[in-house]
2 protein chains.
Amino acid sequence: MIRATDRGPAVTAVCRDPAGNARGRAGAAEGAVRVRRVTIRDVAAEAGVSLATVDRVLNDRKGVSAATISRVRAAVDHLDFRRDAFAASLATSREHRFLFVLPESGRNSFMANLDREVQAAAGRLADQRIRIRRVPYHEFNDADLCRVLDGISAEECMGVAVVAVDTPSVREAINTLVGRGVGVVTLVSDVTPSRRLDCIGINNMSAGRVAASLIGRFLGGRAGKIATVAGSLVLFDHADRLHGFNQTMAREFPQLLILPVIEGRDDSAATRPLVAGLLAQHPDLVGIYSMGAGNRGIIEALEASGRQRDVVVVAHELTAHSRRALIAGTFDAVIHQEAADEVENAVRALKAFADGQVGYVPPRVRIDIFVRDNLP
Amino acid sequence: MIRATDRGPAVTAVCRDPAGNARGRAGAAEGAVRVRRVTIRDVAAEAGVSLATVDRVLNDRKGVSAATISRVRAAVDHLDFRRDAFAASLATSREHRFLFVLPESGRNSFMANLDREVQAAAGRLADQRIRIRRVPYHEFNDADLCRVLDGISAEECMGVAVVAVDTPSVREAINTLVGRGVGVVTLVSDVTPSRRLDCIGINNMSAGRVAASLIGRFLGGRAGKIATVAGSLVLFDHADRLHGFNQTMAREFPQLLILPVIEGRDDSAATRPLVAGLLAQHPDLVGIYSMGAGNRGIIEALEASGRQRDVVVVAHELTAHSRRALIAGTFDAVIHQEAADEVENAVRALKAFADGQVGYVPPRVRIDIFVRDNLP
DNA sequence: CGGATCATGAGGTACGTAAATCATCAATTC
DNA sequence: GAATTGATGATTTACGTACCTCATGATCCG
């Protein structure tokens, strides 16, 4: 057998199955190649130090002189050594435990979908030693959310992603949680000046602006009134969308009058009569911006009124209902955020924090815009 | 020291740093927890077989009776055993080698960006034993592309991602490459009935349809002529976009007349006079759909004509130029594909093939739509 | 000058899976 | 009944990093 110390230089030693015959795995292409990598031994040899010293340098442990550190660093650069992520993860037998705190997703299909994506991620990441649990709380209920957050200990979990309502008590609960050493990211909707690491979600101002722009342009100069429907302005994301919407509307489409926002609590049954009322009250209603869930209520009210062709509607989140409405022409555009991306980004941010990476910046979550012609 | 065989049951043994004091790493949160995982030993014990047999079952090796297989499978399910991805990767000291074949990206900023993303991915994935090399070929030159493809051996690389022109000789070259056991995905633009594993790119028909829909709706009923500008119809993606565009235009906006497509070879200098000519020739030109690169030529021609406000323009790919045009109002919408996503998906698809995973379906690449109000 | 601290070396074990080798024992085949 | 084949066990080595312990010489400090 060839021992580590006897092995030739890393660059040349590339070998395949010695006998040349395919190993195992029925019929598969079997692509990969066995390779001798550059290891810390090579670095140690190059720098003229021991393995222990290389290890100390690589892991920023103390007890190494500045001169030696730079010798090792130089060797690392010279050999283009990269620590093997697999070996490193194996050696530090750690597990990352995260908690996703979401509102109970009874009637809200966006939240239900988000919850599904969290589950899916949990399954996918199990083999990478990431354990994800989910905890629900009563929708819009900040006291219940605080109860959940206060019950989280740093022992049971090192990171929390939360879809939060934006209230002072929730802010406080998040801050104390962070104080206990738990990393927190807000998901979808932010909690303003809190000590959370990041907010993982779309830029909601931007979403609101696009909605305004699309409604304005689709109306092509027609004047009239615009209705705005939110789930609840306790949700920071809805408030943000409204802000962006109003801003662009005021600047670019002064001929359109924005009606006061109505709150449907993300519930179709509650939303429907509200929208029906608006339609009846304002014969010159030409557009609707739906910021939250409860789209089915809007669709039903519109279609009952028979004015679905005359009213331009931009809504949020692609679901079975909004998709149907888009195809039918009741909705004109749907602004969407991909739940899977948000979950993935949240996990990455929490993991970066748990691993002590400073200055990790999660990638932005993209805003999807769907019209009838680009439905997936 | 505790030996493997002496260890207690997996469920209970959770331990932290015995002394209770923080180890190493300056100031970091140090989240992760040491955990005793369920291993193949546990599975072996549960199933009453040896490690070797468990290994045979897990890796689909032969030499195990059906009864034993199901006993092992049952134990795996019962204990919820998941093979540790890190340990597995470490044990099979393999390296994945992929090749990205892109056109030389002299003047085309989309391709230049794609190339940058490939480089970035190569850096990111180096610690995961994925080695990515890049090879350029002369833009639009199928002979040169074939030369490159023909020179690839299964030894040096097990997967190729190629931004290809759609010609019979290229198709042939791809097919023989696949015949040699190399996995091939087409990137951005497809090569039609070839034996490539997948095409990693946006749905270009869909992109064309959206472009038509946006131009039509932004024009709000105005009639007139629409210009279509492609890089070259040798590129399958441009051809596809045009197809989708024409289809939706014909069906939904019959008042708009589509002019014959012009080909600017993805080059601003070549495109500019062509567009200027169209503008001069057609005073009733109301819209432009730009399918390829060379947007700068379009912008310059439009702004020189002074008609940039009257002509609705939808273009592809967000670059410095198209972004400026969007902000200035010269462009009305930009359809974008995120190069980073495409590279990532391509690598995943190639890796899945190299690992012999059958039926891997790469996630779709999303179409980004930008207007002035949602620029990132 | 004796003890303390620092820089480094030497050598190990652990992590969990892959995969190879060799040895059994039983069933099947001729 | 001997030879072959199949199923299984037992045992090892390798993968590359993390991290611990102990030893050693040097330097520093009062």
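First the proteins, then the strands, lettered A, B, ... as listed; each starts at 1.
- You'll find that the side chain of A/R129 is closest to C/dC15, out of D/dG16, D/dC19, C/dC15.
- Under the 4.0 Å criterion applied to side-chain N and carboxylate O atoms, B/E95 and B/R129 are not assigned as salt-bridge partners.
- Atom C1' of nucleotide D/dG16 and atom CZ of A/F81 are separated by 8 Å, given to the nearest angstrom.
- Note: CG (A/D55) to P (C/dA7) measures 16 Å, nearest angstrom.
- Straight-line distance from the CG atom of B/N59 to the P atom of C/dA18: 4 Å, rounded to whole Å.
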Short N/O separations, protein against nucleotides 3-10 of chain D, under 3.5 angstrom:
unit_1	atom_1	unit_2	atom_2	d
D/dT8	OP1	B/S65	OG	2.8
D/dT8	OP1	B/T68	OG1	2.2
D/dT8	OP2	B/S65	N	2.4
D/dT8	OP2	B/S65	OG	3.3
D/dT8	OP2	B/T68	OG1	3.4
D/dG9	OP1	B/S50	N	3.4
D/dG9	OP2	B/S50	N	2.8
D/dG9	OP2	B/S50	OG	2.9
D/dG9	OP2	B/T53	OG1	2.3
D/dG9	O6	B/R56	NH2	3.1

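- The CG-C1' distance, from B/D60 to C/dA18, rounds to 14 Å in whole Å.
- Of the side-chain N and O atoms in A/R61, one or more sit less than 4.0 angstrom from OP1 or OP2 of D/dC19.
- Residues A/N59 and A/D55 have side chains that bring a donor and an acceptor to within less than 3.5 angstrom of each other.
- A salt bridge between A/D84 and A/R37 is present, with a side-chain N of the basic residue lying under 4.0 Å from a carboxylate O of the acidic one.
- In this structure, of C/dT17, C/dA18, D/dT17, it is C/dT17 that holds the atom nearest to the side chain of B/A87.
- When the nucleotides C/dA19, D/dA18, C/dT17 are ranked by their closest atom to the side chain of B/R94, C/dA19 comes out on top.
- Atom CZ in B/R41 sits about 11 Å away from atom C1' in C/dC15, given to the nearest Å.
- Taking a cutoff of 4.0 Å between a charged side-chain nitrogen and a carboxylate oxygen, A/R71 and A/E46 do not qualify as a salt bridge.
- Atoms CD (B/Q128) and C1' (D/dC15) sit 17 Å apart, rounded to a whole Å.
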Review point. Step by step, would you call A/D355 with A/K351 a salt bridge (Lys or Arg N to Asp or Glu O under 4.0 Å)?
Key: CA-CA 6 Å; A/D355 292 344; A/K351 186 164 181 309; 3.0 Å; yes
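- Rounded to whole Å, atom P of C/dT13 lies 17 Å from atom CG of A/L90.
- Nucleic acid contact for A/D84: sugar-phosphate only, since backbone atoms but no base atoms lie under 4.0 Å from a heavy atom of the residue.
- The residues A/D341 and B/R366 are annotated as salt-bridged, a charged nitrogen and a carboxylate oxygen being separated by less than 4.0 angstrom.
- Atom CD of A/E95 is separated from atom P of C/dG16 by 11 Å (rounded to the nearest Å).
- Without hydrogens or angle criteria, B/D127 side chain to A/R82 main chain gives no donor-acceptor distance under 3.5 Å.
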